[in-house]
Amino acid sequence: MKQALGNLLDQALRRVAGDHARTLRHAGLEQARDSRNGHYASNAAMQLAGKLKRKPVDIAADIVAALPANQLIDRVEIAAPGFINIWLAPGALQSELQWIARRGDAYGCSDFGAKRRVLVEFVSANPTGPLHVGHGRHAAIGDSLARLLEATGHEVWREYYVNDAGRQLSVLGLSVWLRMVERATGVEAFPEGAYRGEYIGNLAGRMADELPVSAEAARKGMAWPDKQAGGNGEADRYLDALIEAARECLGDALFSEIARAAGGWVLEDIREDLEQFGVRFDNWQSERELVAAGKIDECLKRLELEGITYRHEGALWFPAERYGDEKNRVVVRADGRSTYFASDIAYHYAKRKRGADLLLDVLGADHHGYVNRVRAGLEALGEPPSCLEVRLVQFVALLRGGQRVAMSTRGGEFETLRSLREEVGVDAARFFYVSRAGEQHLDFDLDLAKRRSSDNPVYYVQYAHARIASLLGKMADRGLSFSMDESAAHASLLTHRREIDLMLALARLPETVEQAAVQRAPQIVAHYLISLAQAFHGWYNHCKVLDAEPELRSARLGLAQAGGQVLRNGLGLLGVSAPRSM
RNA sequence: GCGCCUGUAGCUCAACGGGAUAGAGCAUCGGCCUUCUAAGCCGGUGGUUGCAGGUUCGAGUCCUGCCAGGCGCGCCA
């Protein structure tokens with residue numbers, strides 16, 4: 001509807017303003033907030049006033065005069081200081097209902113993405129512990145973004161980057177091993193910085209069952225290193241010494257296997273968790289495999305050959321400053337190990353080489369410092385800086401009993417996504433996550449979320465859908481039926497204020513989806529659905545359907561049908577179900 | 001100290017890439033079920049949009065400064 005009106009206005013605008021008309025999006029058109037200002041309103045005249053150096057009111061008058069003849073518009077008014085207010089012709093909105101019926105599940109979709117290939121990377125939590133409620137936010141937002149991009153004609157991959165090559169995996173392996181030692185000897189010697197969540201104990205139990213690690217080996221124990229005193233890195237150094245000791249005691253191969261197995265099991269758990277949450281990835285990219293395939297060396301070699309990187313104090317540096325970053329960065333340490341930064345450049349470069357036009361990363365806000373760096377790396381490798389887009393998601397602050405709770409995987413102090421899912425359900429959790437903009441700090445009040453889960457607006461929206469399903473069921477029970485053709489034939493009877501409001505809301509889905517996709521803002525869909533449900537419930541309470549005269553009943557059934565379709569389509573974009581009964 | 005994000009009703013958040021009288025939910029007060037799901041509808045209370053300037057016909061939205069909170073500024077990952 002908006003598009004059709006926009007085309008009409010555009011024709012008029014081109015006549016009045018020539019090339020200036022092209023600077024306007026959708027001809028400045030939007031649905032009027034207040035019905036006294038028409039169904040749709042455009043601020044085009046005001047936007048053009050500066051460029052044309054004329055009064056907005058005069059421009060508006062010219063635009064209106066230049067409007068081509070059409071079936072859509074009933075009347076147009078100009079309001080100070082230059083709004084063009086448009087009232088739709090009877091039948092214009094009603095015809096949208098047939099369009100909705102015809103497009104079905106595809107209503108709201110468009111092809112404006114022009115098959116642009118977008119690789120969406122999100123969650124990518126380190127496989128060192130179960131997902132917590134913060135990761136849940138990333139999962140919900142990232143997946144909805146992917147759905148929105150798919151709906152707008154992009155080719156989308158969902159990818160999870162698995163950091164399984166770094167020191168953290170050794171720390172995980174160590175943590176598990178120490179719990180095994182603890183079981184066998186009864187001596188507790190758990191160091192600061194090791195993972196202390198309950199799941200570590202479970203992994204230790206499983207490890208003892210499945211790997212050739214005997215209780216004897218554990219009892220024999222290992223040579224405990226001395227705890228060094230002083231210095232900031234004390235805990236980390238001690239941890240490294242412990243890892244060394246464990247390697248000595250178990251043998252390199254066995255220790256690595258423990259670490260790898262633990263990481264694998266954690267990842268397995270994460271994968272299942274996300275699947276239950278309705279999130280499925282096309283690819284789980286292992287960092288270790290990337291290393292094994294030589295991708296990182298390849299990148300580094302190329303940078304070195306082209307004379308971009310340089311040596312300084314034994315390390316290999318990347319001159320990020322040259323590309324606008326605040327300082328230069330190490331890619332290979334003095335001891336020969338490459339940094340996280342190095343594998344990130346290689347990883348993103350590899351994604352480009354796999355054919356992605358756009359790399360869309362959904363990252364935690366703590367990564368913002370690293371965005372310029374990676375972009376610089378891509379640029380140095382000859383990629384356009386614009387091929388990387390990063391959406392930062394702010395932290396979830398967990399509140400329990402009104403108190404802020406620190407969340408740390410290492411400390412084992414966190415609320416898991418799984419427990420949230422089990423307590424409030426996938427639909428409520430996803431809708432809650434996605435109804436706040438990612439760049440907003442989110443206060444997650446656990447007591448509130450769990451106790452008053454029925455206050456979640458998701459139920460308000462789902463209830464509308466259930467009511468429609470029930471209505472159509474009742475229709476069948478009464479031996480009634482209707483066809484879209486018959487309904488369309490009587491659609492002109494839909495003139496009640498509530499019916500106009502509902503039809504206006506329904507017609508807004510396509511523009512809402514496009515806007516949400518362009519702005520990478522799934523919360524726009526969530527808020528749209530609430531206002532759509534509002535329009536529906538208002539209509540439902542004011543307009544009887546089954547007891548209306550047959551012709552009106554038929555028209556209203558068509559409206560209800562369209563309402564159900566749009567609710568389903570919208571909820572689907574958020575990964576939320578549309579129940580037939582509640 | 002420097003950089004990024006944020007500040008809107010008692011609480012949690014909207015406000016459609018500057019638009020018309022800043023809106024929802026929860027909480028609170030009052031009405032509506034002999035008829036399609038009351039997880040609903042209708043109405044009321046509640047705001048100096050952190051503060052101060054500026055740009056504009058028009059600012060919650062853009063710019064500057066201050067205040068407050070979160071995050072970052074490793075040869076950590």
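Below, all heavy atoms of this structure are taken into account, side chains as well, without hydrogens, waters or symmetry copies.
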S.K.: Quick one: does A/Ser286's side chain have a donor or acceptor within less than 3.5 Å of a partner on A/Val162's backbone?
M.R.: no
S.K.: Would you call the rings of A/His367 and A/Tyr370 parallel, tilted or perpendicular if under 30° counts as parallel and over 60° as perpendicular?
M.R.: perpendicular
S.K.: May I have the distance from A/Gln168 (atom CD) to B/C76 (atom P), rounded to whole angstrom?
M.R.: 13 Å
S.K.: Going by atom types alone, do A/His465 and A/Arg580 pair a side-chain donor with an acceptor below 3.5 Å?
M.R.: no
S.K.: Among B/G40, B/A20, B/A14, which nucleotide has an atom closest to any side-chain atom of A/Ala437?
M.R.: B/A14
S.K.: Answer yes if the ring centres of A/His135 and A/His132 are under 6.0 angstrom apart, and no otherwise.
M.R.: yes
S.K.: Compare the minimum distances between each of B/A39, B/C4, B/C36 and the side chain of A/Leu392, then state the nucleotide with the smallest one.
M.R.: B/C4
S.K.: Return no unless some side-chain N or O of A/Gln440 is found under 4.0 Å from OP1 or OP2 of B/A14.
M.R.: yes
S.K.: Between B/G19, B/C41, B/A24, which nucleotide gets closest to the side-chain atoms of A/His542?
M.R.: B/C41
S.K.: Which nucleotide, if any, forms a Watson-Crick or G-U wobble pair with B/G1, using both distances under 3.5 Å?
M.R.: B/C73
S.K.: Can you check the distance between B/C16 and B/U6, where both ends of the measurement are the P atom (answer in whole Å)?
M.R.: 14 Å
S.K.: Looking at A/Arg498, I'd like to know whether one of its side-chain N or O atoms comes within less than 4.0 Å of OP1 or OP2 on B/C42.
M.R.: yes
S.K.: Expressed as a whole number of angstroms, how long is the span from A/Tyr40:OH to B/A20:P?
M.R.: 17 Å
S.K.: Just say parallel, tilted or perpendicular for the rings of A/His496 and A/His542, cut-offs at 30° and 60°.
M.R.: tilted
S.K.: If we call it a pair only when both distances are under 3.5 Å in a Watson-Crick or G-U wobble match, what pairs with B/C32?
M.R.: B/G40
S.K.: Identify whether any heavy atom of A/Met475 sits under 4.0 Å from a base atom; if not, whether one sits that close to sugar-phosphate; answer base, sugar-phosphate or nothing.
M.R.: nothing
S.K.: Could you point out which residue of A/Leu442, A/Leu420, A/Val458, A/Asp427 forms a side-chain contact (heavy atoms from CB on, under 4.5 Å) with A/Phe432?
M.R.: A/Leu442
S.K.: Looking at A/Lys55, I'd like to know if its NZ atom is crowded, meaning that more than 12 non-hydrogen atoms belonging to other residues, nucleotides or ligands lie closer than 6.0 Å.
M.R.: no
S.K.: Nearest to the side chain of A/Lys327 - B/A24, B/G74, B/G17?
M.R.: B/G74
S.K.: Any base atoms under 4.0 Å from A/Leu316, or only sugar-phosphate, or nothing? Heavy atoms, all strands.
M.R.: nothing
S.K.: Mind checking whether A/His537 and A/Tyr460 have ring centres under 6.0 Å apart?
M.R.: yes
S.K.: Just to be sure I understand the rule, does A/Asn85 reach a base, reach only the sugar-phosphate, or reach nothing, if contact means heavy atoms closer than 4.0 Å?
M.R.: base
S.K.: A/Ala315 near the nucleic acid: base, sugar-phosphate alone, or nothing, with a heavy-atom cut-off under 4.0 Å?
M.R.: base
S.K.: Determine which nucleotide pairs with B/G46, using a 3.5 Å limit on both distances of a Watson-Crick or G-U wobble pair.
M.R.: none
S.K.: NA contact type, A/Glu326, heavy-atom cut-off 4.0 Å: base, sugar-phosphate, or nothing?
M.R.: sugar-phosphate
S.K.: Using Watson-Crick or G-U wobble geometry with both distances below 3.5 Å, tell me the partner of B/A20, or none.
M.R.: none
S.K.: Scan every strand shown for a Watson-Crick or G-U wobble partner of B/A68, both distances under 3.5 Å, and answer none if you come up empty.
M.R.: B/U6
S.K.: Give one of base, sugar-phosphate or nothing for A/Asp366, where a contact means two heavy atoms less than 4.0 Å apart.
M.R.: sugar-phosphate
S.K.: Between B/G69 and B/A27, how far apart are the P atoms? Round to whole Å, please.
M.R.: 31 Å
S.K.: Give a yes/no verdict on base stacking between B/A20 and A/Phe83: centres under 5.5 Å, planes within less than 30° of parallel.
M.R.: yes
S.K.: Is any N or O donor-acceptor pair between the side chain of A/His368 and the base of B/G3 shorter than 3.5 Å?
M.R.: yes
S.K.: Taking the nucleotide of RNA chain B with the nearest heavy atom to each, does A/His537 or A/Gln394 sit closer to the 5' end?
M.R.: A/Gln394
S.K.: Of the options B/A39, B/G74, B/G72, whose atoms approach the side-chain atoms of A/Arg329 most closely?
M.R.: B/G74
S.K.: For A/Asn328 and A/Arg467, find the nucleotide of RNA chain B closest to each by heavy atoms; which residue's nucleotide sits nearer the 5' end?
M.R.: A/Arg467
S.K.: Roughly, in whole Å, what's the span from CD in A/Gln462 to P in B/G40?
M.R.: 12 Å
S.K.: Just compare B/C75, B/C41, B/U37 and give me whichever is closest to any side-chain atom of A/Tyr460.
M.R.: B/C41
S.K.: Measure OH/A/Tyr340 against P/B/G74 and give the value in whole Å, please.
M.R.: 16 Å
S.K.: Nearest to the side chain of A/Tyr540, heavy atoms from C-beta on, is which of B/C13, B/A38, B/G19?
M.R.: B/A38
S.K.: What nucleic acid atoms does A/Asn163 come within less than 4.0 Å of, heavy atoms only: base, sugar-phosphate, or nothing?
M.R.: nothing
S.K.: Mind checking A/Lys544 for me? I need base, sugar-phosphate or nothing, with any heavy atom below 4.0 Å counting as a touch.
M.R.: base
S.K.: Between A/Arg391 and A/Glu439, does at least one N-O distance fall below 4.0 Å, as a salt bridge requires?
M.R.: no
S.K.: Among B/C71, B/A39, B/A14, which nucleotide sits nearest the side chain of A/Arg436?
M.R.: B/A14
S.K.: Examine B/C73: is either OP1 or OP2 under 4.0 Å from a nitrogen or oxygen in the side chain of A/Arg373? Give yes or no.
M.R.: no
S.K.: Which listed nucleotide (B/C41, B/U37, B/A20) is nearest to the side chain of A/Asn541?
M.R.: B/C41
S.K.: Which one is paired to B/U55, where only Watson-Crick or G-U wobble pairs with both distances under 3.5 angstrom count?
M.R.: none
S.K.: Answer with base, sugar-phosphate or nothing: what part of the nucleic acid does A/Ser581 contact at a heavy-atom distance below 4.0 Å?
M.R.: base
S.K.: Is it the case that the base of B/U21 and the side chain of A/Arg36 share a donor-acceptor contact (distance under 3.5 Å, atom types as modelled)?
M.R.: yes
S.K.: Taking atom types as they are modelled, is there a donor-acceptor pair under 3.5 Å from the base of B/G23 to the side chain of A/Arg33?
M.R.: no
S.K.: Taking N and O atoms by type only, does the side chain of A/Asn456 place a donor or acceptor under 3.5 Å from a partner on the base of B/A39?
M.R.: no
S.K.: Of the nucleotides B/G18, B/C71, B/C16, which has the atom closest to the A/Gln515 side chain?
M.R.: B/C16
S.K.: Look at the side chain of A/His441 and the base of B/G7, then say whether one donor and one acceptor between them are separated by less than 3.5 Å.
M.R.: no
